[in-house]
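Here, residue 1 is the first one in the sequence, and each next residue gets the next number.
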Amino acid sequence: MKKILTIAGSDCSGGAGIQADIKTITAHRMYAMSAVTALTAQNTTGVFAIMEATPEFVEQQLDCIFNDIRPDAVKIGMVSNGRIIEAIAEKLVEYDAENVVIDPVMVSTSGSALLSDDARQSLISTLLPLGNVITPNIPEAEVLSQMKIHNEEDMVTAARRISQEIGGAVLLKGGHSVSDANDLLFEKGDTYWFKAERILTENTHGTGCTLSSAIACNLADGMSLGESIEKAKEYLSGALAAGLNLGKGSGPVNHLWRL
């Protein structure tokens, strides 16, 4: 039984955050653990309130996990506070965590800001360099690369800039582009495209959480990064195509479509 740790915020509506991660990990027949960085009051229409955990409590959660059931992979999602970011980074180094996938959550699917401006530099300088791969979407990549992204050529330029900044692999997700859902992996100076047709649905709440968790599961299973991404995209496409329609806004995907 592979063990996967998600370090992220809670989504009380169940479509994103640790709830989406746990469902995804379970769908991959793996054991899910979670360290909660924040509680959120949110649903398919937006994020209405955030209550952060203290850095000390996040550290205690991580100590309990690593000292008892060591994870085979770690997925990191919403971390809105610079001190919590630094605490997580220290623990990842202390425990020599492996197969680390970081989704640099800055803006929710509904457009709500989830990362304070003062926390961005901590994210870039201390946490992102510890990831085997980071998975920004186009708006997040624009922040990280400090450039606008209009086309695939811009995606390559932005991914290269981010990779040079953090020293690791970058999966730039193209889901926010107009015509397709092609993703770009920039790894060790090379580019790899993952082509996919856009699935016409407004129910995309938690897709970033779901994809990054699936990648972590596949890495824990011994797959290469490229294969992990390909299999994760297949899983997410199925969850989107399943056509779950819940809530009044951008609804969740069906994480358990394979069952």
Side-chain angles (χ1 to χ4, degrees), residues 1-8 17-35 61-62 64-77 88-89 91-105 127-136 159 162-163 166-174 181-196 206-240 253-259:
M1 174 69 74
K2 297 296 184 180
K3 296 89 61 187
I4 313 298
L5 167 63
T6 166
I7 307 172
I18 61 170
Q19 285 83 349
D21 298 335
I22 290 171
K23 292 173 188 177
T24 299
I25 295 162
T26 302
H28 283 75
R29 301 180 183 276
M30 297 181 182
Y31 183 78
M33 301 178 287
S34 61
Q61 292 178 80
L62 294 175
C64 285
I65 292 166
F66 276 94
N67 286 321
D68 189 27
I69 306 176
R70 180 178 175 83
D72 298 295
V74 179
K75 173 266 167 85
I76 302 172
I88 293 170
K91 290 300 177 182
L92 293 179
V93 172
E94 178 182 345
Y95 292 109
D96 194 22
E98 55 192 336
N99 295 321
V100 178
V101 180
I102 303 177
D103 186 16
V105 180
L127 189 57
L128 296 188
L130 300 178
N132 291 73
V133 62
I134 72 168
T135 61
I162 298 168
S163 181
I166 67 172
V170 177
L171 177 68
L172 206 170
K173 300 174 293 189
N182 296 338
D183 297 342
L184 167 69
L185 173 63
F186 189 91
E187 182 184 23
K188 298 177 180 177
D190 295 322
T191 57
Y192 308 88
W193 285 98
F194 297 87
K195 305 288 186 177
T207 49
C209 308
T210 300
L211 180 69
S212 52
S213 292
I215 293 171
C217 289
N218 295 331
L219 288 173
D221 221 14
M223 298 182 192
S224 67
L225 180 54
E227 187 179 7
S228 295
I229 293 168
E230 186 174 354
K231 294 293 185 184
K233 282 181 65 70
E234 290 175 5
Y235 168 75
L236 178 57
S237 293
L240 285 163
V253 303
N254 187 352
H255 295 96
L256 304 183
W257 64 276
R258 285 175 173 166
L259 304 182

Checklist outcome for this item: Looking only at heavy atoms, the pair that brings I22 and T26 closest together is O-OG1, 2.7 Å
Checklist entry - V105 and G77: which non-hydrogen atoms are nearest, and at how many Å? => result CG2-C, 3.9 Å
Checklist entry - Any donor and acceptor pair, going by atom type alone, linking the side chain of K173 with main-chain N or O of T135 inside 3.5 Å? => result yes
Checklist entry - Taking all atoms of both residues into account, what is the closest heavy-atom pair of D103 and S212, and its distance? => result CB-OG, 3.8 Å
Checklist outcome for this item: Between the CG atom in L225 and the CD1 atom in I229, the distance rounded to the nearest 0.5 Å is 4.0 Å
Checklist entry - Can you name the closest pair of heavy atoms from L185 and A169 and give their distance? => result CD1-CB, 4.2 Å
Item to check | Point-to-point distance, once rounded to the nearest 0.5 Å, from CD1 of I65 to NZ of K3 | outcome: 13.0 Å
Checklist entry - With no hydrogens and no angle check, is any side-chain donor or acceptor of D183 less than 3.5 Å from a backbone partner on G174? => result yes
Item to check | Nearest-0.5 Å distance that lies between atom NZ in K75 and atom CE in M33 | outcome: 14.5 Å
Checklist entry - Can you tell me if NZ on K231 sees more than 12 non-hydrogen neighbours from other groups inside 6.0 Å? => result no
Item to check | salt_bridge(E94, K91) N-O dist < 4.0 Å | outcome: yes
Checklist entry - For the side chain of N99 and the backbone of D72, is there at least one donor-acceptor N/O pair under 3.5 Å apart? => result yes
Item to check | Minimal non-hydrogen separation, I18 against A8, with atom names | outcome: CG2-O, 3.6 Å
Checklist entry - Distance-only, no hydrogens or angles: does the T191 side chain make a donor-acceptor pair with backbone N or O of F186 under 3.5 Å? => result no
Next on the checklist: Can you tell me how far apart CG (L5) and CD1 (I69) are? Round to the nearest 0.5 Å.
Outcome noted: 10.5 Å
Item to check | Rounded distance [0.5 Å steps], CG in L171 versus CD1 in I102 | outcome: 13.5 Å
Next on the checklist: Heavy-atom count check: over 12 atoms from other residues, nucleotides or ligands less than 6.0 Å from Q61 CD?
Outcome noted: yes
Next on the checklist: Would you compute the distance between atom CD1 of I215 and atom CD of E230 and round it to the nearest 0.5 angstrom?
Outcome noted: 12.0 Å
Item to check | Side-chain (R70) to main-chain (Y95) donor-acceptor, under 3.5 angstrom | outcome: yes
Checklist entry - Taking S163 for the side chain and A159 for the main chain, is one N or O donor matched with an acceptor at less than 3.5 Å? => result no
Item to check | Closest heavy-atom pair and its distance - M30, C217 | outcome: CE-O, 3.2 Å
Item to check | Within-4.5 Å side-chain heavy-atom neighbours: L128 and L130 | outcome: no
Checklist entry - So with a 6.0 Å cut-off around NZ of K195, is the heavy-atom count from everything else above 12? => result yes
Checklist entry - Is the CZ atom of R29 crowded by more than 12 outside heavy atoms at less than 6.0 Å? => result no
Next on the checklist: If we check side chain to side chain donor-acceptor pair (under 3.5 Å) with S213, which of these qualifies: T24, D21, N218?
Outcome noted: D21
Checklist entry - With distance as the sole test, does N132 use its side chain to make a donor-acceptor pair with the main-chain N or O of V100 at under 3.5 Å? => result yes
Next on the checklist: Checking the side chain of W257 only, and the main-chain atoms of Y235 only, is there a donor and an acceptor separated by less than 3.5 Å?
Outcome noted: yes
Checklist entry - With no hydrogens and no angle check, is any side-chain donor or acceptor of Y31 less than 3.5 Å from a backbone partner on P71? => result no
